[in-house]
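Values below: every heavy atom of this structure, side chains too, minus hydrogens, waters and symmetry copies. These numbers come from a predicted model, not from an experiment.
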Amino acid sequence: MKISKNNTQIDFLIPPFVKKKLMLCVSFITLAFIALFINLYLIVYNNSSEYEKIVLSQRQSSYSSRTIPQKRGEIKDTNGITLAISKKVYNLILDPKVMLYYEDRSYLTESVALVADFFKESIYSIYDIINQKKDSSYVRYKLSLSYDEKIQFEEMINTKNEEFKKDGKKDRIKGLWFEEEYKRQYPYNSLLSNTIGFINESDNTGLYGLESYYNEILSGTNGRRYGYLDKDYDLNTIERECKDGYSLITSIDVNIQNIVEKSIKEWKEGDVGSKSASCIIMNPNNGEIIAMASSNSYDLNNPRDVSQYTEEEINTIGKENLWYNNWTNNCVSFTYEPGSTSKVFTVAGALEENVVNKESEFKCEGKITLTDGIHSWTIRCSNRQGHGDINLEESLMYSCNMAMTDISLLEGKDNFLKYQQIFGLGDKTNIDLPAEADTSSLVYSKDNFGRTALSTNSFGQNFNVTMIQMISAYASIINGGFYYEPHIVKRIEDENGKIIEEIQANVIRKTISKETSEFLKNALRRTVNEGTGKACIIKDYDIAGKTGTAEKLPREDKNYLVSFMGFLPADKPEYLIYVVVDEPNREGEDQAHSIFATNICKKIIEESLKYINVEKKE
């Protein structure tokens with residue numbers, strides 16, 4: 001040890017070998033740190049692209065791909081009035097990941113407070129949603145907001161953020177954005193509900209009616225916006241454009257449809273009423289449906305609403321059964337025995353086969369007993385006293401069951417069944433609506449068609465039809481014998497109104513000759529003017545038609561279905577109207593009055609004359 005002269009500084013002597021070891025140690029540590037830094041540098045340098053990929057992929061996954069919604073095509077009436085439309089709406093999306101990202105909780109609290117304030121809701125309910133979905137970047141909070149609501153909300157955000165900037169803070173409203181969507185709307189609510197149908201909003205798929213049958217045409221195709229990494233690892237987007245659906249132009253006339261639905265509603269709520277009532281109006285010269293309605297209608301904008309039913313009905317029948325009852329289109333899905341309206345087919349087939357002629361006469365004694373060799377049945381006429389001697393025209397005018405029995409026995413089962421098939425009874429019409437009932441098993445075949453079945457079939461009992469079958473067959477009776485495929489859509493257009501497809505009238509087959517058609521039209525004119533259809537006489541207009549009454553199964557219950565098939569003008573028909581009333585609210589045989597259906601038809605015609613151009617009779 002060495003001490004300085006003034007005794008103020010002391011210097012310790014370190015042996016040379018210790019100094020050498022210290023130097024080596026320091027040098028080794030220094031070299032180790034240098035090597036470590038070099039190694040870290042090389043790792044980062046060599047793998048920077050991989051790290052960038054990871055970061056960008058995280059950005060890409062948070063961006064994800066977004067659906068660009070297509071616009072579902074519209075449904076319009078023949079005059080261009082919109083019956084179904086898709087309007088753009090906006091969904092408010094919450095992004096909990098973004099809201100919870102910031103350590104500063106004010107980003108979360110300010111965003112939640114703004115949402116709660118705008119929608120007048122509790123902030124705690126919003127916090128609950130965010131906490132439950134904290135790992136999500138996409139929570140649909142408010143659906144189907146209008147454009148005005150969206151703008152008001154965005155203005156509120158901008159105002160808040162401007163206040164933060166004045167205080168020297170950054171924007172605090174984060175994790176809120178809007179997505180666009182189209183919502184199906186039906187401007188006329190319940191009008192034409194059973195025919196239009198509605199959509200499943202979760203996947204924009206049509207349910208029931210035209211919405212279902214033409215779903216692919218109406219739907220279009222959604223677009224998509226994708227995120228991807230290019231060769232420089234930059235996040236880019238590519239967009240697949242959406243394709244809007246095509247629109248349907250129908251043959252429905254809203255004015256006539258309104259009249260039909262109003263008339264049915266008034267009947268249902270009137271002094272008599274019934275279990276159900278339905279009506280179809282067709283152009284007999286091309287098969288176009290002008291109006292179609294049933295009493296079991298519903299609000300297309302709220303198809304699951306059952307508030308019109310009592311609590312007892314809901315509990316007894318069940319909500320789902322009530323829904324299906326409302327959604328069912330009775331005009332195409334309901335089967336029944338047609339009754340006397342089908343007598344024209346019996347006469348038509350016999351005339352075509354020349355087993356009767358216009359001068360043929362029959363004797364009605366009020367009943368007849370038939371046997372199949374084992375059993376005997378007594379068949380009765382609507383006139384229990386009998387019509388006496390009547391000719392072929394009068395057999396329709398007075399709706400004589402005995403005359404029809406005689407005609408069918410002359411015609412024979414082979415020819416009778418042949419004309420049932422020619423008129424499409426037992427076959428689907430292939431109308432452009434879903435759920436058309438199959439009646440192939442509800443008509444007779446040669447194997448099980450005895451004399452009594454032939455007799456009862458001749459006046460519309462013991463076989464089932466649908467309304468669309470009946471009116472399509474009748475159209476061929478009065479238009480000269482041309483069976484047209486019934487249809488509702490007459491044209492398909494794109495979003496710019498360009499015609500994609502014109503639906504032409506489709507003649508399926510020839511049913512009867514022009515001579516037979518003229519004879520039947522004249523007989524049905526006389527039926528209204530002189531026979532069972534007098535209730536449909538309208539001053540200054542030439543109306544023709546046929547009444548129908550069918551006793552329902554089981555016969556002992558004495559429940560009836562009554563109907564009327566009318567057309568005008570009688571000589572050159574332009575409108576064919578079919579009304580069916582199921583079980584009028586009367587006891588037993590008091591139900592069996594076709595006048596119930598005839599009065600509804602008359603009311604519809606009288607109201608419709610304000611809108612349709614029909615010449616007055618001379």
Given 3.5 Å as the limit, does a donor-acceptor pair link the side chain of Thr547 with the main chain of Thr532, or not? no

Is NZ or CZ of Lys510 both nearer than 6.0 Å to the six-membered ring centre of Phe482 and within 45° of the ring axis? yes

Table please: side-chain donor-acceptor pairs of residues 315-322 below 3.5 Å, with sequence neighbours left out.
{"residue": "Asn315", "atom": "ND2", "partner": "Glu311", "partner atom": "O", "Å": "3.2"}
{"residue": "Thr316", "atom": "OG1", "partner": "Glu312", "partner atom": "O", "Å": "2.7"}
{"residue": "Asn321", "atom": "ND2", "partner": "Ile317", "partner atom": "O", "Å": "2.7"}

Hydrogens and angles aside, do Lys343 and Ser458 bring a side-chain donor and acceptor to less than 3.5 Å of each other? no

State plainly whether the residues Glu149 and Lys142 are in salt-bridge range, i.e. N to O under 4.0 Å. no

Would you please say whether a donor-acceptor pair under 3.5 Å links the side chains of Ser563 and Lys546? no

Taking NZ, NE, NH1 and NH2 as the nitrogens, is one of them in Lys558 or Glu587 under 4.0 Å from a carboxylate oxygen of the other? no

So, Asn529 and Arg526: side-chain donor and acceptor under 3.5 Å apart, yes or no? no

Of all residues at least two apart in sequence or in a different chain, which pass the ring-ring contact (aromatic ring centres under 6.0 Å, His included) check with Tyr336? Phe334

Check ion pair Lys183-Glu181 (N to O, under 4.0 angstrom): no

Strictly by modelled atom types, are Asn215 and Arg72 linked by a side-chain donor-acceptor pair under 3.5 Å? yes

Quick one: salt bridge (Lys or Arg N to Asp or Glu O under 4.0 Å) pairs with a partner in residues 288-305, sequence neighbours left out? none

Thinking salt bridges, do Lys71 and Glu180 make one under a 4.0 Å N-O criterion? no

Looking only at side chains, do Asn330 and Asn194 share a donor and an acceptor under 3.5 Å apart? no

Considering residues at least two apart in sequence or located in another chain, which fulfil the ring-ring contact (aromatic ring centres under 6.0 Å, His included) criterion with Phe463? none

ring-ring contact (aromatic ring centres under 6.0 Å, His included) partners of residues 244-284, not counting sequence neighbours, each pair once: Trp267-Phe596

Residue pair Asp582 / Ser274, side-chain heavy-atom distance below 4.5 Å: no

Examine the side chains of Gln469 and Tyr474 and answer whether a donor and an acceptor come within less than 3.5 Å of each other. no

Between Glu201 and Arg184, is there a salt bridge with N-O shorter than 4.0 Å? no

Examine distances only and state if a side-chain atom of Asn401 and a backbone atom of Arg380 form a donor-acceptor pair shorter than 3.5 Å. yes

Sorted by first residue and then second, give each ring-ring contact (aromatic ring centres under 6.0 Å, His included) pair with at least one member in residues 564-592; sequence neighbours left out. none

Is a side-chain N or O of Ser263 found less than 3.5 angstrom from the main chain of Ile259, in a donor-acceptor match? yes

